[in-house]
Amino acid sequence: MRPKSRNDFAIVILCALPLEADAVESHFDETYDRLGRYYGRQPGDANSYINGRIGKHNVVLCYMPGSGRESAASVLSSLRASYTGIELVLVVGICSGAPSTPNDREIFLGDVVISNTLIEYDFGRQYPGGFQRKTGEKGILGRSNREIQILLNGLMADRTRSELENKMLKYLHTIQQAGTKWRCPQINDVLFNASYLHRHYKQTSSIGCCCSESGSPDNVCEDALKQNCNDLGCDKNQVIRCREPLEAPKVSVHIGTIACADTVMESGQHRDAISRMEGVIGFEVEGAGAWDNVPCTAIKGVCDYADSHKSKSWQAYAAATGASAAKAFLEYWMPPNREGQYTTCPQKFVYTNICY
Ligand SMILES: *[C@@H]1O[C@H](CO)[C@@H](O)[C@H](O)[C@H]1NC(C)=O
């Protein structure tokens, strides 16, 4: 049944790109309202909302006018003026991924990363010899609040995680049947050597570009960044991992630290350094601002490897896997029990709001 007012919505899903919001909306079991015609919003709130139901939860889907932390923070403050009963924020969409997790599980394109900790990697000091990230409490934007932390810990256990993955695949399959754009691209998933740059290797034109300047091996011209690996002549021998298109897509879920910055990570070597130092599995540019005070986690499909070879080919598929994982995640989320006591949950054992 359609909730009476805005205040009956407890879950918000934040997306930065229309593509991400589309993927989430494809998972609505029911749409109550589009763009505030029925539920409206507080004066001064310029956000766009789509209200609906996913499974047993009423959710409000909100998309941000642009990406970046400032944007997420201001969107969220308007949102909380219009929706006063919010208990959970999911930042859903796509992000860049590290090639593997700290415990050596490989991460492939289309896999999903869920954050239990968020760090800010551009927070630190620039020294003449390089940038030093401030570690310790200051650089940590947030650990998800206790309820989410307990749920994520539960989901990290092998069997629960594979149950989550199976649910996710079921939902993925459903939206792929309805829309072909969500299907897995039929191209190889390639990972280049981290130190191998995406730049002009073929003698393409007579125009000199900084790629070919000898003595500056780290230069990549802007034009090169807009072209694909084939056109530039990126060397296939520098590919260190390649997965061919699979008959049945395999999608894994990884739970861990996501790093956030206002700059987009496009360097394999920096990626690996941060990943090694901080155990980072994903890189993104929005979300961080959303973290303060509200229980929040990011659920993101990996669309590239945070290096200069990134292309957009995997974005739609990754948006679909991220959104499918969010729907599966919501099956495990129980609204907080306001009395803070044990409650009974059908068939399962429950402590506060977590169902195992
Ligand atoms: C990547 O390239 C560097 C420099 O050419 C080389 O030293 C290194 O062994 C390569 N790494 C892998 C994993 O192949």
Side-chain angles (χ1 to χ4, degrees), residues 94-113 119 121-122 126-133 184-185 187-204 208-246 250-259 261 263-284 300-314 317-318:
I94 57 178
C95 75
S96 302
S100 60
T101 68
N103 49 6
D104 286 332
R105 286 181 78 211
E106 289 186 299
I107 301 176
F108 290 98
L109 300 181
D111 279 4
V112 173
V113 298
I119 62 164
Y121 69 82
D122 54 359
Q126 182 69 55
Y127 291 111
F131 180 80
Q132 188 172 12
R133 203 183 81 74
C184 187
I187 51 177
N188 290 347
D189 169 348
V190 294
L191 173 66
F192 279 94
N193 182 323
S195 58
Y196 186 70
L197 299 178
H198 185 75
R199 58 196 295 199
H200 288 112
Y201 293 103
K202 279 182 192 157
Q203 284 308 98
T204 38
C209 75
C210 63
C211 292
S212 51
E213 275 169 23
S214 52
S216 43
D218 288 343
N219 278 355
V220 173
C221 82
E222 248 180 73
D223 188 38
L225 291 174
K226 294 186 195 116
Q227 294 180 309
N228 68 32
C229 291
N230 278 342
D231 295 342
L232 297 179
C234 291
D235 185 359
K236 295 202 168 61
N237 292 321
Q238 296 283 343
V239 169
I240 57 171
R241 190 179 76 191
C242 177
R243 186 165 79 165
E244 289 174 358
L246 304 166
K250 183 169 167 9
V251 186
S252 303
V253 171
H254 311 275
I255 297 172
T257 302
I258 290 186
T263 46
V264 178
M265 174 61 77
E266 295 203 12
S267 155
Q269 285 172 302
H270 289 90
R271 171 200 69 204
D272 286 353
I274 291 171
S275 177
R276 239 189 335 269
M277 252 171 5
E278 316 274 349
V280 166
I281 57 172
F283 296 86
E284 65 145 21
K300 300 261 176 156
V302 173
C303 66
D304 60 58
Y305 291 118
D307 60 14
S308 50
H309 306 279
K310 58 172 62 171
S311 78
K312 293 190 189 313
S313 319
W314 291 81
Y317 175 63

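In listed order, ligands and their atoms are each counted from 1. What you are looking at is a predicted structure, and each value in this text was computed from that prediction instead of being measured.
- Separation of atoms CD1 (Ile240) and CG (Leu191) is listed at 4.5 Å; rounding is to 0.5 Å.
- Annotation: the span from Arg271 atom CZ to Ser308 atom OG amounts to 9.5 Å, rounded to 0.5 Å.
- Figure legend: Arg241 and Phe192 shown without cation-pi pairing, the cationic atom not lying both under 6.0 angstrom from the six-membered ring centre and within 45 degrees of its axis.
- Contacts of Asp111 classified as salt bridge (Lys or Arg N to Asp or Glu O under 4.0 Å), with partners at least two apart in sequence or in another chain: none.
- Judged as a side-chain contact (heavy atoms from CB on, under 4.5 Å), and not counting sequence neighbours, the contacts of Lys250 are Arg243, Leu246, Ser252.
- With sequence neighbours excluded, the residues satisfying ring pair (Phe, Tyr, Trp, His ring centres under 6.0 Å) with Phe283 are Tyr121.
- Taking a heavy-atom cut-off of under 4.0 Å, ligand 1 is surrounded by Asn193, Ser195, Ile240.
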